[in-house]
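Throughout, a chain's letter reflects where its sequence line sits, starting with A, and its residues are numbered from 1.
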Number of protein chains: 2
Amino acid sequence: MATIKDLAKLTGLSVATISKFMNGGNVLEKNRPIIQQAIEATNYTINEHARALKTNLSRTVGFITPKFSDVYASQLASEAAVYLREYKYSLFVYESLNSLEGEVEALDFFASKKVDAVMAAFIGDDKRYYQQLLSKYRFPVILFDKTFDNVAGDSVTINNLKAAYTAVSKLIEYGHRDIAIVRGKEAHFTNNQRYLGYRQALADHGIPLHEDFVVEVDYSGIDVYENITRLFVNSHKPTAIFTVNYFTTVSTIMVLNQLDYSIPEDISLFGFDNYDLFKIVKPKPWLMVQPMKAIAQEGVRMLLERIKDHQHAPYRSVVLESEMYVGGSIKRIPQVE
Amino acid sequence: MATIKDLAKLTGLSVATISKFMNGGNVLEKNRPIIQQAIEATNYTINEHARALKTNLSRTVGFITPKFSDVYASQLASEAAVYLREYKYSLFVYESLNSLEGEVEALDFFASKKVDAVMAAFIGDDKRYYQQLLSKYRFPVILFDKTFDNVAGDSVTINNLKAAYTAVSKLIEYGHRDIAIVRGKEAHFTNNQRYLGYRQALADHGIPLHEDFVVEVDYSGIDVYENITRLFVNSHKPTAIFTVNYFTTVSTIMVLNQLDYSIPEDISLFGFDNYDLFKIVKPKPWLMVQPMKAIAQEGVRMLLERIKDHQHAPYRSVVLESEMYVGGSIKRIPQVE
DNA sequence: ATGAAAGCGCTAACAT
DNA sequence: ATGTTAGCGCTTTCAT
């Protein structure tokens, strides 16, 4: 493998000059092509380990995702990578496999890789646990999807409660009162917040909560079919369904289709998150969509600031709004006076 | 940040001894807890940059995926990470964003990170292009999903043609003769191979290829609905559909459901790849499933051998078989004599 | 079993 | 603008 020393010998220049060239410093115009040629001849690429050792900056960012297949995290990682690349930064993505131990493993791994910062979508909700955990590491951590009261790191989230509130209010505005919700089994932050938004929207419009209309599904998918089917066995049936995320939205559409319930004729739907499959679905579902680009951009911005300053400025938390995608999945129900 | 030197001072031992401890060398039993304590007190983690610089081994593997959202690649990365972790290796995942330039970027990035090997699912098919490209890098590359005649690196693939042949033969065995195929627009290797398997199965059973039954869809999803709908406008309609991968399978099921075609009563289906959504689909689709664990395991095995030997042994290519998942998505059609 | 010291490839301070 | 050189944190050889 070629090193700067090799290039120095090849060009007759010094290692310092080559280093300057590599880092955009001042080099005589006539020397530039000479160096460039030597680089190409030797297929030289800089040794980032040596550079990182010297500068104490690795130009890498760790990213903790619950699963590579997680739609939210993979969109976020994808967008973040684009912004980071502009600053010569790259992502180390580590799967926590939905476990706290996996998260600790990831953090330890990042610590030894000396990443400059970490972006994380953690699975747990225990603020003090994370506060203590993160205090062990010297890199800044930017939290996504959920926040811990600005106590463990900067965070970028959306207003989950409001997004759900908006969605359910739209269904009510269209005349629906029998509105079911399909949410995850786990008591996770976003899941809960969106449930609260659902409840609050109902309450604010004087609609009592109907226990049978709260469907909790396992993200493995095994019980989705049965649980959604059960919504329609009683005489008191929902006329609309609010689904709290991509998985529940897709799977609910799938099941409704299979049960031969037409959307929106037989049942109305308001979903969450936008992803590839919704390009196929007819009619287009109404959706609350998270501004993934903005989330990534804000996150990267904060992260770069933290790396630069390295100060213990108070943690900031940015809360963004979701966007409402208008679809054709809600039927207007005549108001009964 | 704590260094070995700090630990040396703290424990009264030498840097060399601490290093040995860190690497599982011989250290007096009575010294072990002392070192361990110092590590915990300082939150010490090894500096992998320094280690990599010294040993010329980074214990990282680069992984090139077309998109983070790619189902095949994300399953593969996930499985590979598990095996690699057993050998203290970790994955650097880089998105090529479905472009050749992105792939080159990824390789250059990996070169400067001095990864020990690269796992890649490339998008192109030009053997000579990749042969030339990869010759520029000194790390071994293990190719997945497609192979280039053992000319650019070791590879792990499945027998795509045979898998498709098996699937279509099964449909024929059930009495179907009007079998459509939903494939991708792009002339990619796996896509083509599976198409060839389809054609060969038809040919071997004396069934002529019907042009209108070959549906080519864009992976963005925009034309899937229209293209599948078009299958049913003529008087000559298919009784079965073979879909060549996860995306086409899911979206075809989605569209059929929306068109109120029941599976298997109105139309039979044989799909490809297994993933989360199929846990929800009723009836369970027949599927050809790639052995992702075995693919990852074989790939990692080859990769570790390459790293160890560093010899220019001839490239090997491992071809695995897909597994057939029996479902309820095929109707038996009485044979007409 | 432990320690002293060289050196991996780079950057940056300093000298020219 | 270019060159010389120290040193980042680690492993490893060679002594002890």
Check whether any side-chain N or O of [X] sits under 3.5 Å from a backbone N or O of [Y] as a donor-acceptor pair, and report yes or no.
X	Y	value
B:Lys146	B:Thr190	no
B:Arg306	B:Phe139	no
A:Glu103	A:Phe122	no
A:Asp116	A:Ser58	yes
A:Asp70	A:Lys67	no
B:Tyr130	B:Gly124	yes

Holding to side-chain contact (heavy atoms from CB on, under 4.5 Å), I want the full list of residues that pass it with A:Ala38, two or more places apart in sequence or in another chain.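 With sequence neighbours excluded, A:Ala38 shows a side-chain contact (heavy atoms from CB on, under 4.5 Å) to A:Leu7, A:Leu10, A:Thr11, given in chain and number order.
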
Could you work out, with side-chain contact (heavy atoms from CB on, under 4.5 Å) as the rule, every residue matching A:Ala121, not counting sequence neighbours?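 Scan of A:Ala121 (side-chain contact (heavy atoms from CB on, under 4.5 Å), adjacent residues dropped) gives A:Pro66.
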
For A:Tyr315, enumerate each residue passing the ring pair (Phe, Tyr, Trp, His ring centres under 6.0 Å) test, keeping only those at least two apart in sequence or located in another chain.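 Applying ring pair (Phe, Tyr, Trp, His ring centres under 6.0 Å) to A:Tyr315 gives none.
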
Residues that B:Phe63 engages under ring pair (Phe, Tyr, Trp, His ring centres under 6.0 Å), provided they are two or more places apart: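 Partners of B:Phe63 by the ring pair (Phe, Tyr, Trp, His ring centres under 6.0 Å) criterion come out as none, since no residue qualifies.
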
So if I take residues 2-14 of chain B and measure heavy-atom distances to DNA chain D, which residues fall below 4.0 Å?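 Contacts with DNA chain D under 4.0 Å: B:Thr3, B:Ile4.
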
Any residue of residues 106-115 of chain A with a heavy atom less than 4.0 Å from an atom of DNA chain D: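 Within this stretch, nothing sits under 4.0 Å of the strand.
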
Salt bridge check: are B:Glu48 and B:Arg51 linked by an N-O gap of less than 4.0 Å?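 Looking at B:Arg51 together with B:Glu48, the answer is yes, because their closest N to O distance falls below 4.0 Å.
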
Does the distance from a Lys or Arg side-chain N to an Asp or Glu carboxylate O, for A:Glu305 and A:Lys308, drop under 4.0 Å?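 So A:Glu305 does not pair with A:Lys308 through a salt bridge.
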
Need two values: the first and the last nucleotide of DNA chain D, 5' to 3', having an atom under 4.0 Å from any heavy-atom of chain B.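 Counting from the 5' end, contacts occupy D:dG9 to D:dT12.
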
Among residues 44-57 of chain B, which contact DNA chain C at a heavy-atom distance under 4.0 Å?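 Heavy-atom contacts with DNA chain C come from B:Leu53, B:Lys54.
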
Nucleic acid contacts - residues 18-39 of chain A versus DNA chain C, non-hydrogen atoms under 4.0 Å: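 Residues of residues 18-39 of chain A that come under 4.0 Å of DNA chain C are, in numerical order, A:Ser19, A:Asn23.
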
Identify all side-chain donor-acceptor contacts of residues 90-102 of chain B below 3.5 Å with residues at least two apart in sequence or on another chain.
residue: B:Tyr94; atom: OH; partner: A:Arg85; partner atom: NE; Å: 3.3
residue: B:Tyr94; atom: OH; partner: B:Glu105; partner atom: OE1; Å: 3.0
residue: B:Glu95; atom: OE1; partner: A:Ser78; partner atom: OG; Å: 2.8
residue: B:Glu95; atom: OE2; partner: A:Ser78; partner atom: OG; Å: 3.0
residue: B:Glu95; atom: OE2; partner: B:Phe68; partner atom: N; Å: 2.9
residue: B:Ser96; atom: OG; partner: B:Asn98; partner atom: N; Å: 3.4
residue: B:Ser99; atom: OG; partner: B:Ser96; partner atom: O; Å: 3.2
residue: B:Ser99; atom: OG; partner: B:Gly102; partner atom: N; Å: 2.9

Residue pair B:Pro291 / B:Leu320: nearest heavy atoms and the distance that separates them: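 Between these two residues, the closest heavy atoms are CG-CB, 4.1 Å.
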
Looking only at non-hydrogen atoms, find the nearest pair between B:Tyr72 and B:Asp145 and report the distance.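 That closest heavy-atom pairing would be OH-N, 3.3 Å.
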
Through what angle, rounded to 10 degrees, does the axis of the helix from C:dA1-D:dT16 to C:dT16-D:dA1 turn between its ends, using five pairs per end?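 Answer rounded to 10°: the end axes differ by 30°.
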
Give me each pair satisfying ring-ring contact (aromatic ring centres under 6.0 Å, His included) with a member in residues 13-50 of chain A, each pair once, sequence neighbours excluded.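 Pairs touching residues 13-50 of chain A that pass the test: A:His49-B:His49.
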
If we ignore angles and hydrogens, is there a donor and acceptor under 3.5 Å between the side chains of B:Tyr137 and B:Asp108?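 B:Asp108 and B:Tyr137 do have a side-chain donor-acceptor pair below 3.5 Å.
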
